[in-house]
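In the text below, chain A, chain B and the rest are named by the order of the sequence lines, each starting its count at 1.
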Amino acid sequence: MAKELAKTYDPKGLEDRLYQKWLDKGYFHADVDPAKKPFTIVMPPPNITGQLHMGHALDNTLQDILIRWKRMQGYEALWQPGTDHAAIATEVKVISHLKEQGIDKNEIGREAFLAHCWDWRKEYGGRIIRQLHKMGSSADWDRERFTMDEGCSKAVQEVFLRLHDKGYIYRGAKIINWCPVCKTSISDAEVEHVDMDGFFWHIRYPIVGEEGRYVEIATTRPETMLGDTAVAVNPEDERYKDLVGKELVLPLTDRTIPVIADEYVDKDFGTGCVKITPAHDPNDFEVGKRHGLAQINIMNDDATINELGGKYAGMDRYAARKAMVEDLEKLGLLVKVVPHLHAVGRHDRCKTVVEPLIKQQWFVRMDELIKPASDAVRNGDIRLIPKRMEKLYFNWTDNIRDWCISRQLWWGHRIPAWYCDGCGEMVVAAEAPAVCPKCGKTHFHQDPDTLDTWFSSALWPFSTLGWPEETPELKYFYPTDVLVTGYDIIFFWVIRMVFSGLEHMGKIPFHTVLFHGLIRDSQGRKMSKSLGNGIDPLEVIDQYGADALRLTLVTGNAPGNDMRFYWEQVEASRNFANKIWNASRFIMMNLPEGEIGKPEEAHLEIADRWILSALNTIIRDVEDNMERYELGIAVQKVHDFLWDEFCDWYIELAKLRLMRKDEDPESANAALWTLKEVLGTSMKLLHPFMPFVSEEIYCTLYPEADTVMTAAWPVEDPARSFPEDEKEIELYKELVRGVRALRAERGVPHGRKTTLHIVGKDAEANEELRILQRSLRDMGRLLAATEVTIEDSKDAIPQDALPIVCSKMTAYVPLSEIVDKEAEIARLTAEREKAVSELKRAEGMLANPNFVNRAPAAKVEAEKEKVVKYRAMLQEIDSQLQAFA
RNA sequence: GGAACGUUAGCUCAGCUGGGAGAGCAUUCGCUUGACGUGUGAAAGGUCACAGGUUCGAGCCCUGUACGUUCCACCA
């Protein structure tokens with residue numbers, strides 16, 4: 001460990017070194033320890049395709065703050081890390097990666113392709129983890145997991161089998177969201193709805209046997225008409241009542257379709273006649289089921305028209321649309337085309353317009369599973385922060401539909417279902433059965449589909465701890481405590497973890513969810529690759545250090561709120577690190593070798609008690625804020641305490657005593673002890689937020705300490721509360737500020753010292769001042785005074801001395817000789833006006849019986865004090881003006 | 001179509017259970033003051049979006065309006 005701090009603060013030089021030290025010493029590791037209480041956070045597993053971005057940086061900073069805080073509080077703090085196989089994201093990446101080498105996924109086949117995926121995972125899977133190290137993340141890397149490792153895969157399989165046994169998982173042909181580019185089904189959560197400009201095509205369907213009569217339908221998707229099996233009208237619609245039951249000619253085909261009546265149709269929208277295409281529209285699918293209509297699929301998996309499409313077969317859906325509209329026009333069946341804005345579903349990953357299709361898929365029945373998950377939040381077992389996220393949560397749980405979990409991908413957990421090669425009988429089991437229970441054949445093939453990547457993430461809080469085995473870790477660390485994540489994955493992940501935890505563990509997976517917002521660029525835009533406006537956290541760390549980045553991300557970050565990223569803010573954060581670095585250097589320069597004895601109570605001076613008391617207050621406040629997960633407020637308080645109180649006031653006051661250490665060693669010793677005590681404690685408070693700089697300072701300050709990481713978290717100490725001294729120091733500050741302002745206004749050069757005469761506002765105050773005389777003398781430097789005297793009355797003070805009116809005293813500075821009379825009169829007149837209005841206001845409030853009777857006594861008292869103060873000020877100003885006149 | 005969030009200093013944002021509005025950056029005028037110019041002192045800058053209401057008292061609570069952002073939604 002370094003014996004002294006380097007001359008300049010250089011985060012690069014110390015962050016990697018300290019992180020390596022922490023790793024070597026195993027400080028991040030957590031173990032089952034019955035003597036301690038556990039505190040657990042599971043890290044949202046980053047994708048193995050991922051690179052560290054600002055979202056990760058924020059997410060991990062918040063988690064690390066909580067973990068480090070709890071660890072210092074004496075909890076066995078486990079931060080469980082790992083990575084996600086990210087089924088579709090990875091598969092897409094690997095496909096394009098192979099494409100560059102001229103390799104086609106389908107040509108090399110499933111097994112070879114998977115080998116490439118594992119290669120990818122080997123090469124890139126650890127990249128983001130290494131990047132997280134740079135952030136200072138104190139996760140237990142010994143326990144790093146992967147959603148497709150043996151244990152997690154076992155958990156996935158077990159969950160599938162259990163849910164299937166209970167009838168919660170079923171296979172069926174339903175209409176699902178199909179991505180024609182990724183060529184897989186996707187869940188509702190993966191579809192984003194975007195308003196797009198489109199058209200309403202009004203098309204005539206001729207009525208069979210009634211020459212010249214038509215039904216006019218309006219559609220946004222004319223190409224699907226090849227799959228129409230009916231036209232529906234509202235049963236209450238008088239206009240079309242006679243049509244119900246009649247047959248229509250479906251144009252461009254040789255089929256006829258019936259007119260049916262269904263409540264689903266809105267009389268007042270469009271023409272009131274809706275073409276029904278059960279195979280290509282979720283609503284029509286439902287209508288079709290009600291009326292027993294045929295489902296005619298007219299599309300291939302790549303969204304081209306299939307062989308049923310006649311002349312349109314093979315055409316892309318949009319090309320077919322164009323061709324069909326043209327043909328309809330030629331036939332005179334196109335009535336009109338009306339521009340129409342409507343919501344279109346797109347695949348969130350590739351932005352392709354989703355195609356609703358009927359496919360055999362696997363589903364999880366949600367109705368029963370979701371209930372306890374909804375209740376857990378409703379009854380407060382799980383707290384969402386901020387609370388408004390509950391609305392989002394319930395919006396999803398209350399409207400949930402069955403979860404389509406099968407994907408037509410290769411990279412992922414294979415569905416444990418087996419089909420007999422002989423009779424097609426399906427068996428759901430961990431292993432292929434030896435003999436078909438139906439036909440007795442012995443050859444089976446596995447279902448080719450894999451599971452939605454969120455199926456495994458949903459198990460993360462317990463699969464990482466060894467479930468389904470009953471490991472000691474699982475017993476000890478589950479349920480976990482806090483989940484930290486962005487509100488954007490509340491549906492994908494949070495809800496699914498909750499119902500999975502409740503279903504398989506019988507317990508909630510965590511009691512608190514702390515949501516954070518998005519990091520946007522300085523113009524408020526989402527950071528994205530396509531915009532090229534992303535800021536690389538690693539670059540920020542490289543330039544300013546991880547501590548500065550962390551401080552930037554947590555400062556002013558209210559739960560659930562988005563924030564913008566500013567380089568200026570990072571610079572300010574780095575400046576803070578530099579500030580405390582230099583303050584520490586100053587303190588260490590003055591500290592003697594070895595231990596410094598704790599001074600006797602009597603030797604502690606007012607300033608010492610004040611700063612200790614202020615520190616004590618901060619300790620309490622920070623604790624309160626942390627417990628409410630107001631991390632941004634907590635760090636702000638530590639920051640302000642260190643910079644504004646400790647550096648700007650206490651250290652400045654202490655300097656004078658250090659300089660006089662030969663004549664008054666007790667005073668100097670008390671100051672030194674206090675400096676060390678306050679700095680050391682502050683570094684503990686700062687550590688969760690800025691782990692590196694606090695570690696370096698702390699370990700240099702206490703060479704016998706290995707780390708601040710495991711030091712005991714400061715607790716409030718009632719014996720260290722000195723409210724009286726805090727009040728006194730505020731008086732000093734008021735005085736110092738008054739002198740400074742007065743001098744600055746008149747441009748008195750810093751080097752020009754003056755005398756300063758102080759008169760207490762009454763006899764009692766005067767008595768107090770005498771007691772504090774020495775401290776006041778100490779402040780001579782801050783006051784730019786050669787001498788500070790305390791007078792019983794202003795009689796002995798030169799008539800033209802300038803007053804500085806404070807709450808309990810008035811100070812006089814004999815500056816008349818350097819003051820411009822005219823300007824002084826103008827200034828005094830302005831000040832008088834202000835004093836009069838303030839006085840009026842305070843008196844007004846006191847004259848209000850409602851205020852006097854109902855407001856807290858302290859408030860009333862404060863107003864009374866103001867009256868006294870401003871009256872004195874007025875008096876001073878008036879006599880001053882008189883002196884000039 | 002529903003809902004949430006936001007509107008506070010020139011910019012970006014804090015502001016806990018209502019008790020005379022704060023920070024960072026930027027601006028102006030000073031300072032090589034014994035750790036720090038990545039610093040330091042002083043100052044300027046706000047009818048807390050608008051309109052009502054509750055209250056002795058509202059940035060904060062209630063109602064409405066405007067603008068912005070986002071989420072949800074099967075009107076073809």
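No engagement by A/F576 is indicated, since no non-hydrogen atom pair under 4.0 Å with the nucleic acid exists. A/C647 comes within 4.0 angstrom of a nucleotide base, judged by non-hydrogen atoms across all strands. Base contact: A/A583 has a heavy atom under 4.0 Å from a base atom. Residue contacts shown for A/R574 include a base, since a base heavy atom lies under 4.0 Å away. No engagement by A/Q569 is indicated, since no non-hydrogen atom pair under 4.0 Å with the nucleic acid exists. Residue-level contact check: A/W643 touches the backbone only, with heavy atoms under 4.0 Å from sugar-phosphate atoms and none from bases. Using a 4.0 Å heavy-atom criterion, one finds that A/R854 contacts the bases of the nucleic acid, with or without backbone contacts as well. Base contact: A/K655 has a heavy atom under 4.0 Å from a base atom. Residue A/V265 is in base contact, counting any heavy-atom pair closer than 4.0 Å across all strands shown. A/M389 comes within 4.0 angstrom of no nucleic acid atom, judged by non-hydrogen atoms across all strands. No engagement by A/D640 is indicated, since no non-hydrogen atom pair under 4.0 Å with the nucleic acid exists. Residue-level contact check: A/A572 touches the backbone only, with heavy atoms under 4.0 Å from sugar-phosphate atoms and none from bases. Within the 4.0 angstrom heavy-atom criterion, only backbone atoms of the sugar-phosphate kind lie near A/N395; the bases stay farther away.
The side chain of A/T219 lies closest to B/A76 when the candidates are B/A76, B/U38, B/A43. Each of B/C16, B/U40, B/G19 was ranked by its minimum atom distance to the side chain of A/R628; first place goes to B/C16. Closest to the side chain of A/F851, out of B/G19, B/A4, B/A35, is B/G19. For A/T220, whose side chain is taken as the heavy atoms from C-beta onward, the closest listed nucleotide among B/A76, B/G19, B/G41 is B/A76. If you check B/A42, B/G19, B/C74 against the side chain of A/K859, the one that comes closest is B/G19.
A close approach under 4.0 Å does not occur between any side-chain nitrogen or oxygen of A/H639 and OP1 or OP2 of B/G24. Note on A/R743: every side-chain N or O is 4.0 Å or more away from OP1 and OP2 of B/G41. For A/K579, no side-chain nitrogen or oxygen approaches OP1 or OP2 of B/U38 to under 4.0 Å. Contact between the side-chain N/O atoms of A/H340 and the OP1/OP2 oxygens of B/A76 is found at a separation under 4.0 Å. The phosphate of B/A3 has neither OP1 nor OP2 within less than 4.0 Å of any side-chain N or O from A/R388. Phosphate contact (OP1/OP2 of B/G6, side-chain N/O of A/N561, threshold under 4.0 Å): absent.
One can place CH2 of A/W581 at 17 Å from C1' of B/G39, the figure rounded to the nearest angstrom. Rounding to whole angstrom units, CE of residue A/M563 and P of B/G24 are separated by 16 Å. As a whole-Å value, the separation of A/D266 CG from B/G1 P is 14 Å. Note: CE (A/M589) to P (B/C36) measures 8 Å, nearest angstrom. Between A/E843 atom CD and B/C56 atom P the separation is 23 Å, expressed in whole Å. Atom NZ of A/K864 and atom P of B/G19 are 21 Å apart (whole Å).
For B/U12 and B/A49, the P atoms lie 15 Å apart once the distance is rounded to whole Å.
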Show every donor-acceptor pair shorter than 3.5 Å between a side-chain atom in residues 848-859 of chain A and any protein atom, with sequence neighbours excluded, or say none if there are none.
{"from": "A/N848", "atom 1": "OD1", "to": "A/N850", "atom 2": "N", "distance (Å)": "2.8"}
{"from": "A/N853", "atom 1": "ND2", "to": "A/P849", "atom 2": "O", "distance (Å)": "3.0"}

Can you give me every donor-acceptor pair (side chain of residues 386-394 of chain A, partner residue at least two apart or in another chain, under 3.5 Å) with its distance?
{"from": "A/K387", "atom 1": "NZ", "to": "A/E390", "atom 2": "OE1", "distance (Å)": "3.3"}
{"from": "A/K387", "atom 1": "NZ", "to": "A/E390", "atom 2": "OE2", "distance (Å)": "3.4"}
{"from": "A/R388", "atom 1": "NH2", "to": "A/N561", "atom 2": "OD1", "distance (Å)": "2.8"}
{"from": "A/Y393", "atom 1": "OH", "to": "A/A373", "atom 2": "O", "distance (Å)": "2.8"}

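Within a 6.0 Å radius of NZ in A/K637, other residues, nucleotides and ligands contribute more than 12 heavy atoms. Within 6.0 Å of the CZ atom in A/F199, the count of heavy atoms belonging to other residues, nucleotides or ligands does not exceed 12.
No N or O donor and acceptor, one from the side chain of A/K7 and one from the base of B/A35, sit under 3.5 Å apart. Counting atom types as modelled, A/E630 pairs no side-chain N or O with a base atom of B/A14 as donor and acceptor under 3.5 Å.
Taking a cutoff of 4.0 Å between a charged side-chain nitrogen and a carboxylate oxygen, A/E355 and A/R221 qualify as a salt bridge.
Atom NZ in A/K579 sits 5.5 Å away from atom CG in A/D648 (nearest 0.5 Å).
Aromatic rings of A/W643 and A/F641 (six-membered ring for Trp) have centroids beyond the 6.0 Å cut-off, not under it.
Each of A/L701, A/L642, A/V693 was compared with A/M683 under the side chain to side chain contact (heavy atoms under 4.5 Å, CB included) criterion, and only A/L642 meets it.
The aromatic rings of A/Y544 and A/W567 are tilted relative to each other, their planes meeting at an angle between 30° and 60°.
Stacking of A/F269 onto the six-membered ring of B/C75 is present: less than 5.5 angstrom between centres, less than 30° between planes.
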Original post:
Starting at the 5' end of RNA chain B, what dot-bracket string do you get if Watson-Crick and G-U pairs under 3.5 Å are bracketed, crossing pairs use [ ], other-strand pairs use | and unpaired bases use dots?
Top reply: (((((((..((((.....[..)))).(((((.......))))).....(((((..]....))))))))))))....
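A donor-acceptor contact closer than 3.5 angstrom links the side chains of A/D562 and A/Y487.
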